[in-house]
Amino acid sequence: YYSIKYFRNIDYFVAITPDLKRHIKECGIDETRITHINNFAETETPEIPVNRADLNTPEDAKVLITLSRLHKNKAIDTLLKALVDLPGVYAWLAGEGPLKEELQDLAAQLGVSERVRFLGWRDDRAALLQAADICVFPSRWEPFGTVFVQAWSQQIPLVTTASDGPRQFVRDEEDALMTEIDNVDALTKAIQRIIDDPDLARKLVQNGLRRYQNEFTKEKTVSRYLDYYRDIRKREGLEG
């Protein structure tokens with residue numbers, strides 16, 4: 001986290017995770033001047049459905065979707081390694097980043113290139129999520145990570161790692177399956193479980209959608225901010 005010295009002129013703080021709130025408090029800020037408000041995660045309303053044929057993907061294939069920068073922190077390499085033991089499963093990687101060529105080389109070395117699609121930068125996240133079967137979020141480091149909320153909002157089963165952001169919100173076995181960071185075997189097994197168990201997939205989707213509606217919509221977040229601003233105005237004698 002950033003050093004508090006960069007915020008020495010700030011009077012009130014909003015933390016987007018409980019752990020960030022803890023950090024700010026431990027830096028000496030009075031807890032009464034800190035509140036936790038979740039980020040919301042909007043996704044656009046799809047105007048054009050994603051056609052799997054356009055992405056050279058069989059209609060009957062199981063498809064994994066990942067939305068992320070192609071960066072070491074995002075651990076796309078672990079997803080590629082998991083594909084080795086997931087025959088017939090395809091992966092759509094939506095995003096750009098410095099590791100693109102390295103990841104393409106790794107896919108070739110692992111023998112999974114024919115089932116991996118590097119989609120580049122996309123502005124149709126919702127359409128991609130709706131066209132895939134499982135959202136995989138394998139990050140090594142993620143301070144919040146809006147992807148897990150986007151997956152919930154688009155009603156797609158989620159597999160995530162216990163990186164900093166998701167582990168503070170995701171309830172393992174209830175609204176997602178959570179694995180250890182960099183544990184390829186656990187990631188593979190979690191994906192396979194969802195493929196093999198439609199009832200589990202349905203449960204994760206239903207509970208995830210409920211979490212999104214109750215905690216992570218734009219309306220919920222904006223309402224929390226407005227309440228906080230009103231409280232600050234009252235405390236500072238700015239009402240009236």
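Bear in mind that the values here come from a model prediction, so they are computed numbers and not experimental data.
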Quiz item: Any idea how Phe216 and Phe148 line up, ring-wise: parallel (<30°), tilted (30 to 60°), or perpendicular (>60°)?
Solution: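 Phe216 vs Phe148 ring planes: perpendicular.
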Practice problem: Evaluate the ring planes of Phe13 and Phe7, with Trp represented by its six-membered ring, and classify them as parallel (under 30°), tilted (30 to 60°) or perpendicular (over 60°). | Solution: perpendicular
Is it the case that the side chain of [X] and the backbone of [Y] share a donor-acceptor pair, with hydrogens and angles ignored and the cut-off at 3.5 Å?
| X | Y | answer |
| --- | --- | --- |
| Arg211 | Gln206 | no |
| Thr188 | Val184 | yes |
| Thr57 | Leu55 | yes |
| Arg117 | Asn56 | yes |

Charged N to carboxylate O under 4.0 angstrom, [X] versus [Y]?
| X | Y | value |
| --- | --- | --- |
| Asp227 | Arg230 | yes |
| Asp19 | Arg22 | yes |
| Asp199 | Lys203 | no |
| Asp231 | Lys234 | no |
| Lys74 | Glu142 | yes |

Quiz prompt | Ile4 vs Ile24 side-chain heavy atoms within contact, under 4.5 Å | solution = yes
Practice problem: With the side chain counted from C-beta on, respond yes when Ser68 and Ile76 share a heavy-atom pair under 4.5 Å apart, and no when they do not. | Solution: yes
Heavy-atom neighbours of [X] [atom1] exceed 12 at 6.0 Å:
| X | atom1 | value |
| --- | --- | --- |
| Glu114 | CD | no |
| Glu180 | CD | no |
| Leu226 | CG | yes |
| Gln213 | CD | yes |
| Glu31 | CD | no |
| Glu101 | CD | no |

Quiz prompt | Verdict with supporting geometry, Tyr212 and Gln155, side chain to side chain donor-acceptor pair (under 3.5 Å) | solution = CA-CA 10 Å; Tyr212 167 73; Gln155 303 180 60; over 6 Å; no
Practice problem: Would you give the length of the straight line joining atom CZ of Arg33 to atom CG of Asp30, rounded to the nearest 0.5 angstrom? | Solution: 7.0 Å
Quiz item: Between NZ of Lys25 and OG1 of Thr32, what distance do you get to the nearest 0.5 Å?
Solution: 10.5 Å
Practice problem: Output, in order, the C-alpha distance, side-chain angles, deciding distance and verdict of side-chain contact (heavy atoms from CB on, under 4.5 Å) for Arg122 and Trp92. | Solution: CA-CA 11 Å; Arg122 304 282 297 214; Trp92 291 348; over 6 Å; no
Exercise. Determine the sole option in Leu64, Leu67, Leu79 for which the side-chain contact (heavy atoms from CB on, under 4.5 Å) test with Leu93 is passed.
Key: Leu79
Quiz item: Of the options Asp77, Thr161, Asp164, Thr78, which is the one that meets Arg140 in a side chain to side chain donor-acceptor pair (under 3.5 Å)?
Solution: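 Looking at Asp77, Thr161, Asp164, Thr78, the match for Arg140 under the side chain to side chain donor-acceptor pair (under 3.5 Å) is Asp77.
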Quiz item: When you look at Trp141 and Ser163, which way does the side-chain contact (heavy atoms from CB on, under 4.5 Å) test go after all the steps?
Solution: CA-CA 5 Å; Trp141 186 78; Ser163 53; 5.8 Å; no
